[in-house]
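FYI, side chains are in, hydrogens and waters are out, and symmetry mates aren't considered; it's all heavy atoms of this structure. A, B, ... follow the sequence lines: proteins, then strands. Residue 1 opens every chain. Treat the numbers as computed from the prediction; the structure is a model and nothing was measured.
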Amino acid sequence: MKLLIVESPAKARKIQSYLGQGWQVRACLGHVRDLPNSKDVLPERYKDATFAKLGVDVENNYAPIYVARKDKAQTIKDLKALAKSAEAVYLAADPDREGESIAWHLSVLLGLGKDAKRVTYQEITERAIRQAVANPRTIDFHLVAAQETRRVLDRLAGYGVSPLLWNAVGGPQSAGRVQSAALMLLSQREQSRLSFVASAFWRVGVVVASQPAFKAQVTAIRGTALATAASFGASGQLKSGLDVMQLDQEKATQLISYLNRQQAVVGAVTLSPVVRRPPPPLTTSGLQQAANAKLKLGAAQVTRLAQSLYEQGRITYIRTDSPHLSDEAIHLAREAVATRFGPSALPQEGRQYATRNQNAQEAHEAIRPAGTFAVPEQTGLSGDELALYRLVYERTLASQMRDAVGEKTAVMLQAGVVTLHASGVVLTEKGFTALYDDQDSSDEEQALPKVLVGERFSLKDAKAEEKKSSPPARFTEGKFVQVMEKAGIGRPSTYGATLETLQKRNYVALRNRQLHVTPLGLLVASYLMKQVPQLVNAEFTAQMEGDLDRIASGTLSRVAYLDSIWKATLSPAIRAAQLFSPRYPLPHLEAVLEVRGGVAGLVVSGKGVALPDNVLPEDLTPQTVAALMDGTFKASKPKTSDASERAVSQPAKRTNGAASRKKPITASTTKRRRSTGTK
DNA sequence: CAGTGAGCGAGCTTCCGCTTGACTT
């Protein structure tokens with residue numbers, strides 16, 4: 001009997017069916033050994049070591065202590081028994097950095113030594129598997145070293161910086177390479193919203209009475225452009241150097257009566273072709289984004305539903321960063337498109353998509369229907385599972401369909417001294433949009449009639465509308481997963497977990513499906529930014545990836561790299577960090593956020609109160625601040641939250657005593673903390 | 001005299017990434 005070990009049980013079943021008799025295919029369920037997370041799992045000889053809690057002997061070339069993971073005890077026992085009676089053991093963990101490490105840890109636990117046979121393959125077909133097991137290689141120790149470097153760095157950074165927060169903020173706080181960089185991105189967005197000053201301006205629209213009629217907007221008067229939202233800076237002023245006119249209500253009203261007496265002459269007609277390519281097949285982040293936008297599902301819910309579909313054999317593996325489709329998948333997708341829309345809906349050749357993500361490891365295919373591409377209605381699925389499967393099915397098919405082709409028409413008209421513009425798009429070939437439309441339905445696109453330069457039309461129904469410049473939008477969970485991927489922060493298997501951690505720590509909260517940074521989150525972010533800017537820098541992970549690649553190729557030593565990050569950078573910053581608690585002066589308000597015992601509070605002219613749990617920075621106005629200070633504040637009852645919001649916020653419920661304890665912050669206590677801390 | 005509460009000190013918290021069930025509530 002030969003033993004083949006993969007990571008996932010679903011994959012094991014599939015491969016078992018290919019290899020058949022003479023093979024045992026088993027799953028190890030991911031990592032089997034790790035750094036210790038508590039003292040009781042430590043081997044006896046390390047119990048008294050100074051680095052016991054850290055699990056890394058920094059002074060001895062950053063040697064890690066590895067212990068078998070408790071949650072894998074049974075799995076390891078079973079694998080050991082099988083390995084003993086097997087004539088050969090093949091280690092077939094995923095073909096990436098983490099997979100190579102898993103293979104090595106298995107080889108140690110199973111006592112395989114140099115005989116360990118490492119096999120990898122890019123797709124799960126009988127041919128690919130048989131070819132892989134016929135050509136085993138040895139374990140790539142450079143790649144294993146790169147993974148170990150990543151693991152050690154994360155432990156040193158996380159366990160090094162988190163205690164700073166216990167001192168400065170109080171309570172069970174945490175910091176890390178991924179979660180703190182993510183918090184910083186969210187916090188920067190929240191801060192630019194808090195300091196943003198909105199400006200009001202007026203826009204005037206009119207109906208051009210052609211056959212059929214269409215709508216046009218006033219864009220300029222006597223050659224001077226009217227202000228749009230883009231004309232204003234974040235502080236509410238018109239951007240300098242712009243020659244624009246800001247309409248107020250009075251001028252807008254005058255403009256309306258002027259327009260109603262005018263005729264418009266067509267001054268220019270511009271036609272330009274429009275080609276829209278289909279969106280690529282789904283990756284983990286793409287699935288989160290699409291399911292959030294189209295199905296209004298939260299991150300945790302999408303993960304649960306997708307995992308279930310994967311286990312039922314409906315879709316391929318759900319944690320992937322590659323939009324790649326196998327030849328077989330492209331063939332099946334094209335067949336399904338031809339059945340539904342006819343062969344004319346297909347381009348000559350199948351379409352392959354390249355990843356846009358620099359850090360992609362591409363160990364898996366895109367997320368697509370597994371097996372025979374069952375039509376959604378014939379799967380027997382229902383509810384959210386059906387909806388999510390349909391999304392995967394349609395995105396996969398759409399990726400193989402023709403481009404949508406059309407024409408954009410832009411018309412300029414002159415009505416006396418007033419310049420008007422109208423535009424519209426008409427699709428002449430629907431292409432993939434016949435199946436899957438990825439455009440926001442809100443940006444309406446009118447079909448313009450054919451008009452000629454010099455034609456005259458009367459105007460009617462002129463209307464003025466007040467608009468406001470708006471701050472950068474908050475992120476939904478789905479959108480933010482894409483932001484993390486683009487910044488190279490985290491991995492497909494951790495995007496959801498990172499969002500959960502940030503919510504569990506009460507740094508981030510969901511409201512109306514949008515991610516908000518809490519007062520505590522703002523304080524933690526501003527503290528980390530001041531004391532350990534290296535850790536929260538969004539570039540940090542991207543640079544790390546480059547260095548890990550050099551370690552994997554053998555051109556950079558693991559110890560030299562860790563020295564440059566730990567001994568030369570992070571460790572000195574941690575030693576020099578101030579321990580006093582952070583303050584955050586709120587823009588536009590005479591109030592400062594402070595924190596005591598892990599609870600954020602508000603301080604106004606020396607007097608402090610703790611903030612109730614569900615108060616977010618956007619709730620703080622002169623009125624609510626006054627009410628909070630004199631104790632008359634009533635939390636506005638949030639509107640009934642939808643299911644996806646509940647699903648995520650439930651596990652985030654805080655059970656820790658320190659965090660839920662409420663103590664008023666007084667001027668004397670905050671002052672004392674600061675004076676002791678700065679010594 | 002009994003009950004209350006301020007104040008003190010000891011001990012605790014934490015990372016990222018790879019995988020699923022087996023546990024309660």
Contact class for [X] vs. all strands (heavy atom < 4.0 Å): base, sugar-phosphate, or nothing?
| X | result |
| --- | --- |
| A:G30 | base |
| A:R491 | sugar-phosphate |
| A:Y495 | nothing |
| A:R97 | nothing |
| A:A175 | sugar-phosphate |
| A:Q147 | nothing |
| A:D71 | nothing |

Check the side chains of [Y] and [X] for a donor-acceptor pair under 3.5 angstrom, ignoring hydrogens and angles.
| X | Y | answer |
| --- | --- | --- |
| A:E148 | A:S101 | no |
| A:Q74 | A:D78 | yes |
| A:E365 | A:T320 | no |

Measure the distance from [atom1] on [X] to [atom2] on [N] and round it to the nearest whole Å.
| X | N | atom1 | atom2 | result |
| --- | --- | --- | --- | --- |
| A:N37 | B:dC16 | CG | C1' | 12 Å |
| A:Q74 | B:dC23 | CD | C1' | 15 Å |
| A:R26 | B:dT20 | CZ | P | 16 Å |
| A:K72 | B:dG17 | NZ | C1' | 10 Å |
| A:W566 | B:dC15 | CH2 | C1' | 11 Å |
| A:Y66 | B:dC18 | OH | C1' | 13 Å |
| A:L499 | B:dG17 | CG | P | 13 Å |
| A:D78 | B:dT19 | CG | P | 20 Å |

Answer yes when A:E98 and A:R150 have at least one side-chain N-carboxylate O distance shorter than 4.0 Å, and no when they do not.
->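 Here A:E98 pairs with A:R150 in a salt bridge, since their nearest N and O are under 4.0 Å apart.
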
Does the ring of A:W166 meet both stacking tests against the six-membered base ring of B:dT13: centre distance under 5.5 Å and plane angle under 30°?
->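 It does: the ring sits over the base of B:dT13.
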
Shortest non-hydrogen contact from A:V133 toward A:L4 |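 That would be CG1-CD1, 4.1 Å.
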
Shortest non-hydrogen contact from A:F51 to A:I65?
->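 Looking at all heavy atoms of both residues, the shortest contact is CE1-CD1, 3.7 Å.
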
Got a sec, which pairs hit ring-ring contact (aromatic ring centres under 6.0 Å, His included) with one end in residues 168-187 of chain A, sequence neighbours left out?
->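 Listed once each, the pairs would be none.
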
If you take atom types as modelled and just measure distance, does the side chain of A:R177 reach the base of B:dC16 with a donor-acceptor pair under 3.5 Å?
->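 No, the side chain and the base share no sub-3.5 Å donor-acceptor pair.
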
Any donor-acceptor N/O pair under 3.5 Å between B:dC18 base and A:R319 side chain |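 Counting by modelled atom types and ignoring angles, no donor-acceptor contact under 3.5 Å is found here.
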
Residue mapping more 5' on DNA chain B - nearest nucleotide basis, A:G490 or A:S174 |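 Upstream on the strand: A:S174.
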
Given that A:T494 and A:K11 both sit by DNA chain B, which one's nearest nucleotide is further toward the 5' end?
->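 Mapping each residue to its closest nucleotide by heavy atoms, the 5'-most match is A:T494.
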
Determine the interplanar angle of the A:F475 and A:F480 rings, folded into 0 to 90°, and report it as parallel if under 30°, tilted if 30 to 60°, perpendicular if over 60°.
->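 Rings of A:F475 and A:F480: tilted, 30 to 60°.
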
Please map the stems of DNA chain B, keeping only stretches of three or more Watson-Crick or G-U wobble pairs with both distances under 3.5 angstrom.
->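 So far as stems of 3 or more pairs are concerned, DNA chain B shows none.
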
Taking the six-membered ring of A:Y159, is NZ or CZ of A:R155 closer than 6.0 Å to its centre and within 45° of its axis?
->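 Ring-cation test returns yes.
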
Can A:R118 be said to sit on top of A:W104's aromatic six-ring, NZ or CZ under 6.0 Å from centre and within 45° of the ring axis?
->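 Cation-pi check for A:R118 and A:W104: fails.
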
Listed in order of residue number, which residues of residues 528-545 of chain A have a non-hydrogen atom at under 4.0 Å from DNA chain B?
->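 Going residue by residue through residues 528-545 of chain A, none turns out to have a heavy atom under 4.0 Å of DNA chain B.
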
Closest to the A:D94 side chain, choosing from B:dT19, B:dG17, B:dC15 =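 Between B:dT19, B:dG17, B:dC15, the one nearest the side chain of A:D94 would be B:dT19.
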
